[in-house]
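Chain letters run A, B, ... following the sequence lines, proteins first and then strands; every chain starts at 1. From a predicted model like this one, the values you see are computed outputs, not experimental measurements.
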Number of protein chains: 2
Amino acid sequence: MSLPHAILTALLEKPSSGLELTRRFDKSIGFFWSATHQQIYRELGRLEQSGLIRSLPQPPSRGQRKEYEVLPAGRAALVEWVAQPQDPKAIREPLLLRLRAAATVGGRGLAEELERHLELHERQLAEYLEIERNDFPLEHAAEENRLQHRVLSAGIGLEQFWVEWLRETLAVLRPGV
Amino acid sequence: MSLPHAILTALLEKPSSGLELTRRFDKSIGFFWSATHQQIYRELGRLEQSGLIRSLPQPPSRGQRKEYEVLPAGRAALVEWVAQPQDPKAIREPLLLRLRAAATVGGRGLAEELERHLELHERQLAEYLEIERNDFPLEHAAEENRLQHRVLSAGIGLEQFWVEWLRETLAVLRPGV
DNA sequence: ATTTACATGTAAGGGGTTACATGATTTG
DNA sequence: CAAATCATGTAACCCCTTACATGTAAAT
């Protein structure tokens with residue numbers, strides 16, 4: 001049940017059309033919750049039917065841009081969701097699974113794959129650090145900014161972890177296999 | 001397409017029944033790929049139909065234990081899967097989403113939730129460290145063991161990251177909200 | 001004999017992924 | 001006017017989650 005609330009948050013920050021939302025999910029929000037345009041359109045329809053958002057008066061024809069805004073009920077639903085306890089979800093990391101399988105059946109070519117992942121994570125880390133430089137140049141005191149900075153820090157920390165772990169794992173793998 | 005390969009790996013390590021697999025997924029394998037018994041039974045059926053595993057000759061009545069083993073075709077499929085490149089999946093972390101939503105609509109009670117998560121991650125970390133002490137007491141040279149140790153290290157590192165991040169975030173949140 | 005644990009399964013619903021379809025607007 | 005781009009949507013498929021159903025074996 002996270003996607004509808006991700007959309008509500010995005011719409012509260014700024015009323016948008018489906019495609020605009022898709023683009024924002026490709027950037028900032030998508031860093032910790034990704035979604036395709038198909039998911040977003042489906043969810044926008046549901047949210048409108050539930051009375052949590054409404055489309056601004058505009059021609060509802062097919063190829064026409066349709067902008068949505070959050071209704072009070074939507075804001076209330078989001079507030080409630082934020083306060084609700086939710087357990088962290090179990091890890092589902094295919095790469096670790098493949099490493100474990102490789103321990104059993106042998107891992108020819110696995111080092112190349114790990115290097116590829118290392119590059120991807122290095123690139124993502126660089127992107128996050130760039131954002132941090134741009135958006136949080138110095139520690140301002142505003143509460144809102146501090147929370148957003150913590151979210152970005154999580155992304156940075158996770159990427160740093162993977163970069164480090166992949167480097168160590170490659171060091172273990174290289175001389176052996 | 002990870003679950004069938006997780007099951008193949010588990011069955012290669014030791015032929016098992018559905019319930020036995022479920023228990024092993026609750027322990028070691030489940031640390032990075034969780035699965036419920038419903039998923040496992042369904043997947044076992046598919047794998048058998050595809051000719052990748054077979055059930056050992058036994059009464060196929062309903063409440064009766066049914067043991068499976070991997071066929072050569074299954075092992076081959078696993079080897080191929082291990083070698084195949086797969087991009088890391090995008091992060092989907094509801095807690096970060098909630099933090100971002102809290103930055104917009106306010107986060108009453110969020111500190112308690114973060115503390116709860118902190119405890120959960122501390123407990124998980126302790127469990128991983130316990131396993132490390134038991135299963136990898138000193139660095140043996142066996143390649144197989146080293147890979148499995150790297151997998152466990154990933155779990156430990158991720159939990160350490162979350163513990164640290166949650167503590168810092170609580171420090172930011174506490175005086176403010 | 002009843003309860004408890006073991007063991008395998010079914011059903012319904014939600015969410016995500018991929019491929020495809022269609023209309024409107026801009027640009028050459 | 002043809003092509004590219006913007007924009008909204010449909011359809012099919014797979015996976016995961018939750019709740020429930022059913023049968024067997026062991027314990028009291």
J.: How long is the line joining CE of A/M1 and P of C/dG13, in whole Å?
T.: 15 Å
J.: Output yes when A/E113 and A/R116 qualify as a salt bridge under the 4.0 Å nitrogen-oxygen rule, no when they do not.
T.: yes
J.: Walk me through it: do A/W162 and A/Q124 pass the test side-chain hydrogen bond (donor to acceptor under 3.5 Å, both in side chains)?
T.: CA-CA 11 Å; A/W162 281 114; A/Q124 187 67 67; over 6 Å; no
J.: Check every strand shown and say whether A/S34 touches a base, only sugar-phosphate, or nothing at a heavy-atom separation below 4.0 Å.
T.: nothing
J.: Nearest of D/dT18, D/dA7, C/dG9 to any side-chain atom of A/R65?
T.: D/dA7
J.: If you pin B/Y68 and A/Q39 to their nearest nucleotides in DNA chain C, which one's is more 5'?
T.: B/Y68
J.: Using whole Å, what does the distance between atom P of nucleotide C/dG15 and atom NZ of B/K89 come to?
T.: 16 Å
J.: For DNA chain D, whose closest nucleotide is more 5', that of B/R46 or that of B/H37?
T.: B/R46
J.: Within this structure, what is the CG-to-P distance between A/D26 and D/dA7, rounded to whole angstrom?
T.: 14 Å
J.: Check the surroundings of atom NZ in B/K14: do more than 12 heavy atoms from other residues, nucleotides or ligands lie under 6.0 Å from it?
T.: yes
J.: Reckon B/T22 touches a base, only the sugar-phosphate, or nothing at all at heavy-atom distances under 4.0 Å?
T.: nothing
J.: For the residue pair B/F31 and B/Y128, categorise the inter-ring angle as parallel (less than 30°), tilted (30 to 60°) or perpendicular (more than 60°).
T.: perpendicular
J.: Nearest-nucleotide wise, let me know which of B/R42 and A/A35 is further upstream toward the 5' end of DNA chain C.
T.: B/R42
J.: Could you please name the option among C/dT8, C/dG16, C/dG9 that lies closest to any side-chain atom of B/Q38?
T.: C/dG9
J.: When you get a sec, tell me which of C/dT18, C/dC6, D/dC16 is the closest nucleotide to the side chain of B/L3?
T.: D/dC16
J.: Assess whether side-chain hydrogen bond (donor to acceptor under 3.5 Å, both in side chains) is satisfied between B/S16 and B/R24, documenting all intermediate values.
T.: CA-CA 10 Å; B/S16 308; B/R24 291 168 63 192; 2.9 Å; yes
J.: In whole angstrom, give the distance that lies between atom CD1 of A/I40 and atom P of D/dT10.
T.: 16 Å
J.: With a 4.0 Å cutoff (strictly under), does any side-chain N or O of B/R92 reach OP1 or OP2 of C/dT17?
T.: yes
J.: Using atom CG of B/L56 as one end and atom P of C/dT8 as the other, report the distance to the nearest whole Å.
T.: 12 Å
J.: As a test of reading the structure: which of C/dT17, D/dT18, C/dT8 is closest to the side chain of B/Y41, going by heavy atoms?
T.: C/dT8
J.: Can you tell me the distance, in whole Å, between the CG atom of B/D87 and the P atom of C/dT18?
T.: 11 Å
J.: Provide, to the nearest angstrom, the distance between the CD atom belonging to A/E43 and the P atom belonging to D/dG9.
T.: 14 Å
J.: If you check the A/L19 side chain, which of D/dA7, D/dT10, C/dA7 turns out closest?
T.: D/dA7
J.: Whole angstroms only, please: what is the CZ-P distance between A/F25 and C/dT17?
T.: 12 Å
